[in-house]
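Lettering of chains follows the sequences in order, A, B, ..., and the numbering in each one begins at 1.
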2 protein chains.
Amino acid sequence: MTTGRVAARRAATKDAILEAAWEIARSEGLGGVSMRPLAAALGMSAPSLYEYFAGKDAIYDAMYVQGNHALRERMQAITDLDRMSARESLVAGARAFVEFCNEDRARFQLLFQHSIPGWHPSEQAYAVAIENLELSRAHLESIGITHTRSLDLWTALVSGLASQQVANDPGGDRWLRLVEPAVDMFLSTEGGTK
Amino acid sequence: MTTGRVAARRAATKDAILEAAWEIARSEGLGGVSMRPLAAALGMSAPSLYEYFAGKDAIYDAMYVQGNHALRERMQAITDLDRMSARESLVAGARAFVEFCNEDRARFQLLFQHSIPGWHPSEQAYAVAIENLELSRAHLESIGITHTRSLDLWTALVSGLASQQVANDPGGDRWLRLVEPAVDMFLSTEGGTK
DNA sequence: GTCTATACTGTGATAGAC
DNA sequence: GTCTATCACAGTATAGAC
């Protein structure tokens, strides 16, 4: 990697494009990102965007990676997990996840609902999402929950809370408040110890 | 309502359009429904579609209503609910729902993920969905679960199972098999009786 | 009433001049 | 690298034949 002045400038422009794309996605909807207005927001012409991204799908792909990186940072920020009880760490993790989803509907749709017709994350982009999933698997393992069935039930429960929250009370806390009861319910049958 | 021969023919054509639209949605994806190929599949020209539907959104709207009607019929078909225990009826209801979602990804996306950019169900169409929700609320009420919190937790749990199943193991049973454990988990803290 | 023909606008993407 | 011009396709509107 040379990372000279040219490459740095190029990376800065790519970041600016993605930032503008997020802004449009939040105000117009995820599917409302179109190349010409996106370019106009940056004072450039639409074809110039293709100098930085191979196409619209590549832009979604980069946004997908950014979103997953943001999620990882958020989840890692609450990792005083070692000093917490199993229940406390599950509550903290689930709450952080639901809050993350609830902050930005467009981001939630891109990351978890694959809401763009015909678009799928590339293999490398998807790998970042898998890493995140692996982190939460490791978290559950650390508190003694290792069975695939238990992990699947946990992901269903947490993703269900998040999707209901985002879809039916965006920005509110109607399902966010259910994180604690949900964790207690989950632990009551998983027999969580520690 | 006259419902003469003309009106009947008209209704039959509308049904044919919707059927063709479902077929395209299942093979090309929900967002892959476009007017010209849709018309071609029926041996007509694209503008002719506008004789039957105000536009593409109106077609999605009618599909949304059809999907919700299908869901209602499915859920009502298993309503020997009175003769079941609370646990049995919850298992039957949740299993029927997850199976329904798992049968047709395009239908699931249309009904529950609002996956079409810029499209929202009309008020009348949404009312049909609300009726379905009301049916399951009544079901839970009949077995003594009345609190909003409990209902919200139930919808999160069941919709989470369905979305994980559809997204990560479409057509399979990885999360479908978790319906029974999920119901037991739910009842263990709701203290379901009867 | 229902169709075909045509055209307008917006989309993602490309070619080639500078 | 960035532009203008352009293409193929989308949804949609209108005109008018039958």
Side-chain angles (χ1 to χ4, degrees), chain A residues 2-18 20-21 24-25 27-64 106 110 115-122, chain B residues 1-18 20-22 24-25 27-64 106 110 115-122:
Chain A
T2 51
T3 319
R5 290 188 298 276
V6 184
R9 176 91 191 96
R10 195 180 153 77
T13 303
K14 290 185 76 167
D15 279 351
I17 291 170
L18 293 178
I24 294 173
S27 64
E28 309 284 325
L30 186 59
V33 178
S34 55
M35 302 299 270
R36 265 165 271 241
L38 174 57
L42 293 151
M44 60 171 74
S45 185
S48 297
L49 292 173
Y50 291 82
E51 283 292 321
Y52 301 94
F53 292 97
K56 198 184 177 183
D57 286 359
I59 293 177
Y60 282 130
D61 216 59
M63 293 169 78
Y64 181 87
L110 179 64
S115 182
I116 301 297
W119 177 82
H120 297 281
S122 68
Chain B
M1 289 291 179
T2 51
T3 320
R5 291 188 297 277
V6 184
R9 177 93 191 95
R10 197 181 154 77
T13 303
K14 291 185 75 166
D15 280 352
I17 291 170
L18 294 178
W22 279 117
I24 294 173
S27 65
E28 309 283 326
L30 186 59
V33 178
S34 56
M35 302 299 269
R36 265 165 271 240
L38 175 58
L42 293 151
M44 61 171 73
S45 183
S48 298
L49 293 173
Y50 290 82
E51 284 292 324
Y52 302 95
F53 292 97
K56 198 183 178 185
D57 286 358
I59 293 177
Y60 282 130
D61 215 60
M63 293 170 78
Y64 181 86
L110 179 65
S115 182
I116 300 297
W119 177 81
H120 297 282
S122 68

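Pairing each heavy atom of A:Pro117 with each of B:Gly31, the nearest pair is CB-CA, 3.7 Å. The shortest non-hydrogen separation linking B:Ala58 to B:Phe53 is O-CD2, 4.0 Å. Nearest heavy atom pair, residue B:Ala25 against residue B:Ala106, reads O-CB, 3.7 Å.
The side-chain hydrogen bond (donor to acceptor under 3.5 Å, both in side chains) pairs that include a residue from residues 48-63 of chain A are A:Asp61-A:Ser122, where partners are two or more places apart or lie in different chains.
In this model, the phosphate group of C:dG1 is not approached by any side-chain N or O of B:Arg9 to a distance below 4.0 Å at OP1 or OP2. Contact annotation: A:Tyr50 side-chain N/O to D:dT2 OP1/OP2 distance is not under 4.0 Å.
A straight line from OH of A:Tyr52 to P of C:dA13 spans 17 Å, rounded to a whole angstrom. A straight line from CG of A:Asp57 to C1' of C:dT11 spans 13 Å, rounded to a whole angstrom. Per the geometry, CG belonging to A:Leu49 stands 11 Å off C1' belonging to C:dA13, to the nearest Å. Distance, A:Glu28 CD to C:dG10 C1': 14 Å, rounded to whole Å. For the pair B:Lys56 NZ and D:dA13 C1', the computed distance is 17 Å after rounding to whole Å.
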Dump the pairs, protein N or O against N or O of nucleotides 15-18 of chain D, anything under 3.5 Å, distances to one decimal.
none

Per-nucleotide pairing state of DNA chain C [Watson-Crick or G-U, under 3.5 Å; [ ] pseudoknot-crossing; | other strand]
||||||||.|||||||||
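For A:Trp119, the side chain to side chain donor-acceptor pair (under 3.5 Å) test picks out no residue, with sequence neighbours left out. Take A:Ala46 and apply the side chain to side chain contact (heavy atoms under 4.5 Å, CB included) test, not counting sequence neighbours, and it matches A:Arg36, A:Ala39. Taking the side chain to side chain contact (heavy atoms under 4.5 Å, CB included) definition, one finds that B:Ala41 meets it with nothing, sequence neighbours left out. Residues meeting the side chain to side chain contact (heavy atoms under 4.5 Å, CB included) test with A:Arg5, sequence neighbours left out: none. Every residue two or more places apart in sequence or in another chain that forms a side chain to side chain contact (heavy atoms under 4.5 Å, CB included) with B:Leu38 is listed here: B:Ile17, B:Ala20, B:Ala21, B:Ile24, B:Val33, B:Leu42, B:Leu49, B:Ile59.
Heavy atoms of B:Phe53 sit nowhere under 4.0 angstrom from any nucleic acid atom.
Contacts between residues 34-46 of chain B and DNA chain D, counted as heavy-atom distances below 4.0 Å, involve B:Ser34, B:Met35, B:Arg36.
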